[in-house]
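Here the structure is laid out as structure tokens; the discussion comes afterwards.
Just so you know, residue 1 is the first one in the sequence shown, and it goes up from there. Just so you know, ligand 1 is whichever comes first in the structure, and atom 1 is the first atom listed for that ligand.
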Amino acid sequence: MTELVEKLCSAGNLSDEEMKLLITAEDTAVAELLRIRADEVRQRTYGKKVFLRGLIEISSYCRNDCLYCGIRRSNKDADRYRLDRDMILSCCESGYALGFRTFVMQGGEDAYFSDDVMCDIISEIRRKYPDCAITLSLGERSRDSYRRMKDAGADRYLLRHEAAAPDLYHSLHPDSMSLENRKNCLYTLKELGYQVGAGFMVGAPGQTTEHIIADLRFLQELQPQMIGIGPFVPHHSTPFAEEKGGTLELTLRLLGILRLMFPKVLLPATTALGTISPTGREQGLKTGCNVVMPNLSPVDVRKKYDLYDNKICTGEEAAECRMCLQRRIVSAGYEVAAERGDCAGFTS
Ligand code: SAH
């Protein structure tokens, strides 16, 4: 089965049948060779650099009701908060001092963050930190909204497609949400000149290997600059409370496959991966990942951005998070890159 790894490495693609064999192969030699090849491919473009993104979780209010997510509208037990402009700017200030050159503003779909409010915050960050990249992850908005925020100074947008197969997408989301709209948002963001990130959860309830292959095919069609995948982790106050979570092994397998399919993509070792295993993020870095996203949110709100159970890094100050991740990066044999870290070859 190791020949499939070599084939994917040289051709950048496999047939659906071959992909299925590679995803499901239990042979440890496959996992090991995939790790080695993925690491070689990332080093060819990015060397040993790992880019840091300062994550600011701006709101836990959400109008959506995704079945897997702890901050879904129907979760009446969720403790809601939102950061205001000054709090967000003060996160950027401490983040800048800690060496971050990308700020990611992520949140639920909260009507408070209208286009006017967002554009005001984005243009102020742009003015104060002209050398930094501004990334948004605020869910589905209109083309006009995406355009205005781009004009105000945003560079990148993270919007996981969540599931490219319609049946799985529908079983994870309420009827009010549509896969078509989600995909259209991603194409619109690309057209507007954003560096775009898509992705999905590994081991989401009901997900089959065929669903995963559909995700890989969609990513090939979209050609995003960033791909975010992490294990599904159940949250106790959602309809999926009793479901099994995604595994470390399958997440690493897919990270390696993604690195070989998308040699230049920015691929984060996610917090969810660090949540299911104490060495999850280090193992991710060794299997093709080149981004980590330390938490910059104020400590008093961290626990309230409660997407899934046992989320790590909810107690530390930003500086502690930064140092902890630096140690992990170095111990895994990589180096922290104190730069914006745009996708290699990206031109808008
Ligand atoms: N509202 C924004 C941000 C969502 S939170 C948006 O719609 O894009 C960021 C990501 O967390 C989601 O895209 C989802 O893939 C992931 N996530 C949510 N709940 C999760 C869970 N229970 N386990 C693992 N990841 C989860």
Relative to the heavy atoms of [X], which atoms of ligand 1 are at a distance of less than 4.0 Å?
{"X": "Phe232", "result": "22 (N), 23 (N), 24 (C)"}
{"X": "Cys69", "result": "19 (N)"}
{"X": "Leu159", "result": "8 (O)"}

Is it true that [X] lies under 4.0 Å from ligand 1, counting heavy atoms only?
{"X": "Arg182", "value": "yes"}
{"X": "Tyr305", "value": "yes"}
{"X": "Glu162", "value": "yes"}
{"X": "Pro231", "value": "yes"}
{"X": "Gly70", "value": "no"}

Which segment of Gln106 sits under 4.0 Å of ligand 1 when only heavy atoms are counted: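 Looking at Gln106 and ligand 1, just side chain atoms fall under 4.0 Å.
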Hey, is Cys62 touching ligand 1 through its side chain, its backbone, both or neither, going by heavy atoms under 4.0 Å? neither
Are Lys20 and Glu210 within salt-bridge range, i.e. N to O under 4.0 Å? yes
Any salt bridge between Glu339 and Arg101, counting N to O under 4.0 Å? no
Protein heavy atom at shortest distance from [atom]:
{"atom": "atom 16 (C) of ligand 1", "answer": "Arg160 NH1, 3.7 Å"}
{"atom": "atom 11 (O) of ligand 1", "answer": "Leu307 CD1, 3.6 Å"}
{"atom": "atom 19 (N) of ligand 1", "answer": "Tyr68 CD1, 3.4 Å"}
{"atom": "atom 26 (C) of ligand 1", "answer": "Met201 SD, 3.4 Å"}

Applying side chain to side chain contact (heavy atoms under 4.5 Å, CB included), run through Met293 and Leu158 and close with a yes or a no. CA-CA 13 Å; Met293 301 174 67; Leu158 305 178; 4.0 Å; yes
Would you please say whether a donor-acceptor pair under 3.5 Å links the side chains of Arg53 and Thr102? yes
Quick one: which residue pairs count as a ring-ring contact (aromatic ring centres under 6.0 Å, His included) with a foot in residues 76-126, not counting sequence neighbours? Tyr96-Tyr129, Phe103-Tyr129
Measure across Ile71 and Tyr305 and return the closest heavy-atom pair with its distance rounded to 0.1 Å. CD1-CE1, 4.0 Å
Does a side-chain heavy-atom distance below 4.5 Å link Tyr68 with Val233?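 Not touching, per the 4.5 Å side-chain cut-off.
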Counting heavy atoms only, which of Gly139, Ser60, Gly107, Cys185 comes nearest to atom 3 (C) of ligand 1? Gly107
Looking only at non-hydrogen atoms, which of Val233, Asp309, Thr275, Leu67 approaches atom 21 (C) of ligand 1 most closely?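 Residue with the shortest heavy-atom distance to the ligand atom: Val233.
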After noting the C-alpha distance and the side-chain angles of Gln283 and Arg35, does the key distance pass the side chain to side chain contact (heavy atoms under 4.5 Å, CB included) rule? CA-CA 9 Å; Gln283 294 189 66; Arg35 191 191 65 68; over 6 Å; no
Rounded to the nearest 0.5 Å, what separation is found between the CG atom of Asp167 and the OG1 atom of Thr208? 7.5 Å
Are His235 and Phe240 close enough that their ring centers fall under 6.0 Å?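 No: the rings miss the under 6.0 Å criterion.
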